[in-house]
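Notes to accompany the following structure.
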There are 2 protein chains.
Amino acid sequence: MLSTDMDFKKDASAGYLANHMARLFALALHDRIRPLGLAPAQFMTLLELWEDDGLTQKDLVQRLDVEQATMANTLKRMERDGLITRTENPEDRRAQLVRLTPKAKALQEDATSAATGVNEEALSALSPEERQAFVSLMSRVIGALQD
Amino acid sequence: MLSTDMDFKKDASAGYLANHMARLFALALHDRIRPLGLAPAQFMTLLELWEDDGLTQKDLVQRLDVEQATMANTLKRMERDGLITRTENPEDRRAQLVRLTPKAKALQEDATSAATGVNEEALSALSPEERQAFVSLMSRVIGALQD
DNA sequence: TAATATTGAATAGCCTGCTATGCAATGCTA
DNA sequence: TAGCATTGCATAGCAGGCTATTCAATATTA
């Protein structure tokens with residue numbers, strides 16, 4: 001009996017595994033940062049703003065590689081939740097500067113250690129060399145998919 | 001200057017990379033199967049039904065590791081799109097048997113080769129040994145996150 | 001400089017995750 | 001067997017992806 005493309009084994013498929021793994025990561029992160037009043041996409045956005053407060057929506061779109069509409073919705077929820085404010089941009093009246101509230105600044109330590117905890121849990125079964133290799137392989141696959 | 005958890009580098013974070021990679025996989029798959037009238041979650045569901053037609057919703061939930069409500073919505077869209085029908089289960093009137101339409105059966109070859117193409121594109125920069133290692137590492141990380 | 005092109009954001013609409021509820025069918029047990 | 005617990009699904013509501021569209025502000029250029 002010939003083997004064809006129709007024999008598709010999801011448990012050996014990189015795409016299937018990537019999706020499953022990402023869902024589990026998101027769930028684990030969600031569990032840990034929910035007590036802080038944060039959702040995963042908000043955390044990712046905060047990572048950039050903790051580093052550089054006062055970015056524009058466009059800056060965030062480029063740094064996080066999501067669509068502009070996705071970021072617009074995330075920022076709307078973050079504004080609703082008191083994590084950011086938007087202030088006028090003196091250089092361009094179309095764009096606004098996204099600024100962290102004191103509440104958002106205060107979350108940095110707890111949120112980053114929650115995320116570090118998720119990574120440690122996920123990688124707990126891997127040796128240091130394997131962890132390094134895993135991150136490197138994912139980066140290369142991301143590169144290949146971005147062409 | 002002390003290094004703390006507050007120095008969180010997203011490009012070295014397994015969770016961030018997993019999310020980014022999964023989004024790129026999903027986009028690539030979506031592009032390739034859109035002409036077939038399929039969306040990614042529908043394809044995943046079809047993979048199980050091509051293998052075993054006549055599963056229940058509960059079977060699909062267990063095999064694909066998604067929540068029951070998620071699968072209920074996916075099946076609703078698949079029924080709307082003429083990919084499945086639901087027939088009475090003689091053994092349990094609560095559950096129905098999900099059956100493929102001829103249309104869905106006819107998509108198997110094209111859809112699986114589209115997915116195979118995405119995997120090949122994604123892994124194109126990796127050696128055969130690296131591809132093997134990558135799949136194995138993802139499986140182990142999934143296992144660690146499932147506890 | 002007036003007309004046109006580009007750019008930054010907002011909005012609408014869809015898919016796919018999730019949690020929380022509720023309901024009907026089935027199973028168990030006192 | 002009557003009552004309670006469990007199970008299979010549907011639905012509501014939300015987050016966060018996406019595309020497509022629109023609008024106002026800015027930039028370019030004829």
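Only this structure's heavy atoms are used, side chains among them; waters, hydrogens and symmetry mates stay out. Below, read A as the first sequence line, B as the second, and so on, with proteins coming before strands; counting in each chain starts at 1.
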Worksheet item: In terms of side-chain geometry, is the basic nitrogen of A:R86 or A:E79 positioned less than 4.0 Å from the acidic oxygen of its partner?
Response: yes
Fill in: Phosphate OP1/OP2 of C:dA24: any B:R93 side-chain N/O under 4.0 Å
no
Item to complete: Find which nucleotide of DNA chain D each of A:R80 and B:A69 is nearest to by heavy atoms, and output the residue with the more 5' nucleotide.
Response: B:A69
Fill in: Donor-acceptor under 3.5 Å (A:T101 side chain, A:L83 main chain)
yes
Practice prompt. Could you tell me the separation between the CZ atom of A:R23 and the P atom of C:dC15, rounded to a whole number of Å?
Written response: 18 Å
Item to complete: Choose from D:dG16, C:dT16, C:dG17 the nucleotide whose nearest atom is closest to any side-chain atom of A:N19.
Response: C:dG17
Worksheet item: Which part of the nucleic acid, if any, lies within reach of A:V61 when heavy atoms closer than 4.0 Å are counted: base, sugar-phosphate only, or nothing?
Response: nothing
Worksheet item: Base, sugar-phosphate, or nothing: which does B:A26 touch, judged by heavy atoms less than 4.0 Å apart?
Response: nothing
Practice prompt. Please state whether the rings of B:F43 and B:W50 are parallel, tilted or perpendicular, taking 30° and 60° as the class boundaries.
Written response: perpendicular
Worksheet item: Which nucleotide sits closest to the side chain of A:N73: D:dC18, C:dA9, D:dG8?
Response: D:dC18
Worksheet item: Counting side-chain heavy atoms from C-beta on, which of C:dT26, C:dA9, D:dC18 comes nearest to A:K58?
Response: C:dA9
Worksheet item: Closest nucleotide of DNA chain C for A:L27 versus for A:Q57: which of these residues is on the 5' side?
Response: A:Q57
Worksheet item: Where the side chain of B:Q96 is defined as all heavy atoms beyond and including C-beta, which of D:dA10, D:dT19, D:dA25 is the nearest nucleotide?
Response: D:dA10
Worksheet item: Hey, is A:D11 close enough to A:K9 for a salt bridge, meaning N to O under 4.0 Å?
Response: no
Item to complete: Whole angstrom is fine here: how far is it from CD1 in A:I33 over to C1' in D:dA15?
Response: 12 Å
Practice prompt. Find the distance B:R77:CZ to C:dG13:C1' and express it as a whole number of Å.
Written response: 13 Å
Discussion item. Return whichever of B:D81 or A:D92 has its heavy-atom-nearest nucleotide of DNA chain C closer to the 5' end.
Written reply: A:D92
Worksheet item: Between D:dC18, D:dT11, C:dA10, which nucleotide gets closest to the side-chain atoms of A:A72?
Response: C:dA10
Worksheet item: Does B:Q68 make a side-chain donor-acceptor contact with the base of D:dA10, cut-off 3.5 Å?
Response: yes
Worksheet entry | A:N89 CG to C:dT7 P, straight-line distance once rounded to whole Å | 17 Å
Worksheet entry | Short N-O contact, A:E121 and A:R32, less than 4.0 angstrom | yes
Worksheet item: D:dT26, D:dG8, D:dA15: which one has an atom nearest the side-chain heavy atoms of B:R94?
Response: D:dG8
Worksheet item: Nearest-Å distance, CZ (A:R34) to C1' (C:dA20)?
Response: 12 Å
Discussion item. What is the separation between atom CD on A:E67 and atom P on D:dA20, rounded to the nearest whole Å?
Written reply: 10 Å
Discussion item. Can a side-chain donor-acceptor contact be found between A:N19 and A:R23 if the only test is distance below 3.5 angstrom?
Written reply: yes
Worksheet item: To the nearest Å, how far apart are A:Q42 CD and D:dA15 C1'?
Response: 9 Å
Worksheet item: Hey, does the side chain of B:R86 come within less than 4.0 Å of D:dA10's phosphate (OP1/OP2), counting only N and O?
Response: yes
Worksheet item: Is any side-chain N or O of A:T70 closer than 4.0 Å to OP1 or OP2 of D:dC18?
Response: yes
Item to complete: Counting heavy atoms from C-beta on, name the nucleotide in D:dT11, D:dG8, C:dC15 closest to the side chain of B:A39.
Response: C:dC15
Worksheet item: Between D:dA15 atom C1' and A:K76 atom NZ, what is the distance in whole Å?
Response: 13 Å
